[in-house]
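Inspection log for the structure reproduced underneath, given as structure tokens.
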Amino acid sequence: MRKEELRYLQRLAELYPTIASAATEIINLQSILNLPKGTEHFLTDIHGEYEAFSHVLRNGSGAVRKKIDDVFGHTLGTADKRSLATLIYYPKEKMDLVKKTEEDMENWYKITLYRLIEVCKTVSSKYTRSKVRKALPKDYAYVIEELITEKSEVLDKEAYYDAIVDTIISIGRAENFIVALAELIQRLVVDHLHILGDIYDRGPGPHFIMEKLQEYHSLDIQWGNHDVVWMGAAAGQLSCIATIVRTSARYGNLDILEDGYGINILPLATFAMTVYANDPCDCFKIKGDSAKSAEENRLNTQIHKAISIIQFKLEGQLLERRKCFNMEDRRLLHCIDYEKGTIKIYGKEYPLLDTNFPTIDPKDPYALTEEENEVMQRLRSAFLKCDKMQKHMMLLLNKGSLYKVYNGNLLYHGCVPLNEDGSLKEVQIYGKTYKGKALYDALEVYVRRAFFAVNEEERERSADIMWYIWSGPNSPLFGKDKMTTFERYFIEDPETHVEKKNPYYKLLEDGTVIDNILKEFGLQGDDVHIINGHVPVQQKAGESPVKCNGKVLVIDGGFSRAYQKKTGIAGYTLIYNSYGLLLAAHDPFTSAEEAVEKEEDIHSKQVAVKLTERRRLVGDTDTGLVLRERIQELKALLEAYRSGMIIEK
């Protein structure tokens, strides 16, 4: 035995100091290998739609309802099953409604508790007792464990369980216990959550989503370009700050910044009201339905225009500073003829829809005015000092990455940049060339350096890369040749609005290309997949999220209300359980209140993408691989004990 191996086994012996303890752990680990694999839940492109997101988490994309069907079959009617499902999703709210109409609450408590206990037994059956015990709510852990565990030594089991339930009701803890059981079912029905990017922008509640994710028991996040631009803003990158303020203003969501994160928008609002007092700001109308007053909408359009002009200036400065980004075509303010009110781009002159630019000096169009600079410095200070935002960004850093390989699936938000022939595209980042996995790895290093690098210049270089990831032509998270924000505001001709997608998107049905991408990230064989989002699948137009005979699953179906008219649905989610891959297409979600009152779940159509010939076990997963390695190490430790190389303690 080599010296290094012996030293490792000696360290392992500190954890398992006897033959008995090592042997017991081998038995425990071997038993785990033979349990069914836990259910994985995939969501993407949530875009701030907190209520819909929260509901999908609560119902596990239909997994809770399926468990209820498995447990009760035809012994419960459809109405009772729907009522029980609603109770599991929203226990407190549902009980408040029940108490208004139910005459015999004691009997209702008893029936409900027994039903929830049966569901709990089923959802906990695929886990070890140890794992279930860790998931139990602290206050009721012992009692719940008694109720969901078979007691072979108890002769009259019915009387035993009746006594526990009767005691719970008689001491007035039934409602608390029902809440605990409902939340435990939600917790156990999904073992691991994958978020494939774009938590932020468009919808009104990304901060609530982040709070929910902070409490979630097991998750990973693949950053989307909308997430990375928020990370850039939190790192103090001015173009990123201007971008998210503009996007928030555009969708009428400035209260995310003001109320959600405590960012003071007043200096920007005061500046906008003064400078654009007599400007109709017609090109900067707020998107979506607005319940705000006319005065508030007017102010929002002024803020929207003010921050947009600031953004275009800052981006121009950034691209002058970082010529290596090769995005000169995105510097457009110097292309404007301010006297004629036209702009010359793409070899053609276009009239501008808005010609009022009081803060732009035609001789130096990218320079901020003194007032604009003060606004941005105050915003930057607020972003850097916002504890809540920094905490949320740390969650993205700690649980997130640009891609992840997990149980035979390659997860990322956007695309792998390709050439027209399907080969990996070479991309230059600060003078070095990367492609494929190496490009992802290099960009992720820069994202982390923006927060943790000691050298200030290195932090600034890295923060600028986050803006590039947001909108750069070779960014794997953006995946288009340009972001035509300026053109969409100021030029009517739709030709100028076109954003050409990377060849990746038209090669998704090419098996050779997809196999090469999977191989680049270390995956080969028939049972491997790419799962990504970013570009909404337009089911309404007949598009399918399943590409390349099931090897690629594009699961962005329009969680964001802004996309739902185009997609025809309200998002896809994916379930990967021990039986295979199930894709769920969801109808739009109205509200939690309606879900409770009318017992209306999100209507979801589930489609089996791939079913396994035999039920998949923990031993078939990445966790199984780790456990097998541990078992081999423990067996080596046993051999060392028995040979006398290591002495038992």
Side-chain angles (χ1 to χ4, degrees), residues 41-61 64 88-93 135 137-138 179-180 182-224 226-235 244-245 247-248 251-265 382-401 413 451 533 559-561 571 573 589 591-593 595-596 602:
H41 196 187
F42 301 77
L43 286 80
T44 186
D45 296 87
I46 303 158
H47 284 300
E49 297 293 346
Y50 171 71
E51 281 209 335
F53 164 78
S54 177
H55 187 83
V56 167
L57 273 198
R58 291 168 189 266
N59 79 355
S61 286
V64 169
I88 291 170
Y89 308 153
Y90 303 99
K92 294 175 185 175
E93 296 84 350
K138 186 178 178 182
V179 171
E183 291 177 349
L184 178 62
I185 292 166
Q186 290 181 36
R187 159 70 178 79
L188 293 176
V189 82
V190 171
D191 188 47
H192 188 81
L193 176 65
H194 304 282
I195 303 290
L196 276 76
D198 281 1
I199 295 166
Y200 282 92
D201 288 336
R202 294 193 171 87
H207 49 305
F208 296 127
I209 294 169
M210 292 301 292
E211 292 291 316
K212 189 98 172 173
L213 292 177
Q214 282 186 318
E215 300 169 357
Y216 206 78
H217 56 275
S218 180
L219 83 150
D220 55 66
I221 302 167
Q222 289 70 59
W223 305 323
H226 287 268
D227 305 318
V228 172
V229 76
W230 275 75
M231 293 166 80
I244 67 168
V245 175
T247 305
S248 298
Y251 289 92
N253 286 328
L254 285 170
D255 52 348
I256 294 172
L257 296 172
E258 293 181 291
D259 301 332
Y261 286 111
I263 303 294
N264 185 9
I265 301 297
F383 274 75
L384 289 171
K385 293 177 181 177
C386 177
D387 289 340
K388 187 175 182 180
M389 182 177 290
Q390 297 299 330
K391 188 178 177 184
H392 288 173
M393 296 307 112
M394 285 303 110
L395 177 68
L396 289 176
L397 287 164
N398 293 335
K399 295 291 185 179
S401 55
H413 176 71
F451 288 90
F559 237 112
S560 171
R561 294 177 192 270
T573 54
F589 182 66
S591 68
E593 290 79 10
V596 174
I602 290 183

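Sequence positions, counted from 1, serve as the residue numbers for this chain.
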Mind checking side-chain hydrogen bond (donor to acceptor under 3.5 Å, both in side chains) for His41 and listing every partner two or more places apart, or none if nothing turns up? Ser61

Tell me, do Leu396 and Ile199 make a side-chain contact under 4.5 Å, heavy atoms counted? yes

Minimum heavy-atom distance between Cys386 and Ile263, given as atom pair plus value: CB-CD1, 4.1 Å

Atom CE in Met394, atom CE in Met210: separation rounded to 0.5 Å? 10.5 Å

When rounded to the nearest 0.5 angstrom, what is the spacing between CD1 in Ile195 and CD1 in Ile46? 4.0 Å

Just how far is it from atom OG1 of Thr247 to atom CG of Asn253, taken to the nearest 0.5 Å? 10.0 Å

Answer yes or no: is there a side-chain heavy-atom contact under 4.5 Å between Pro206 and His47? no

Considering only heavy atoms from C-beta outward, does the side chain of Tyr89 approach that of His55 to under 4.5 Å? yes

Set of residues satisfying side chain to side chain contact (heavy atoms under 4.5 Å, CB included) with respect to Lys212, sequence neighbours excluded: Tyr50, Phe53, Ser54, Leu57, Arg58

With a cut-off of 6.0 Å (strictly less than), are more than 12 heavy atoms of other residues, nucleotides or ligands near NZ of Lys388? yes

With a 4.5 Å cut-off on side-chain heavy atoms, are Leu397 and Met231 touching? yes

Which atoms form the tightest heavy-atom contact between Gln390 and Phe383, and what is the distance? NE2-O, 3.1 Å

If you compare all heavy atoms of Ser248 against all heavy atoms of Leu257, which two are closest, and at what distance to 0.1 Å? OG-CD1, 4.0 Å

Residue pair Trp230 / Met389: nearest heavy atoms and the distance that separates them: CZ3-CE, 3.8 Å

Do other residues, nucleotides or ligands put more than 12 heavy atoms under 6.0 Å from the CG atom of Asp387? no

When rounded to the nearest 0.5 angstrom, what is the spacing between CD1 in Ile221 and CG in Leu193? 8.5 Å

With rounding to the nearest 0.5 Å, note down the distance linking CZ in Phe208 to CD in Glu51. 10.0 Å

Pairing residues for His192 by the side-chain hydrogen bond (donor to acceptor under 3.5 Å, both in side chains) criterion, not counting sequence neighbours: Ser218, Asp220

My understanding is that only residues two or more places apart in sequence, or in another chain, count here; which of them pass ring pair (Phe, Tyr, Trp, His ring centres under 6.0 Å) with Phe42? His194

Please list, chain by chain and in numerical order, all residues satisfying side-chain hydrogen bond (donor to acceptor under 3.5 Å, both in side chains) with Asp255, sequence neighbours excluded. none

Rounded to the nearest 0.5 Å, what separation is found between the CG atom of Leu188 and the NE2 atom of His217? 7.5 Å

What pairs with Tyr261 under side-chain hydrogen bond (donor to acceptor under 3.5 Å, both in side chains), at least two apart in sequence or on another chain? Tyr200, His392

Residue pair Ile88 / Val189, side-chain heavy-atom distance below 4.5 Å: no

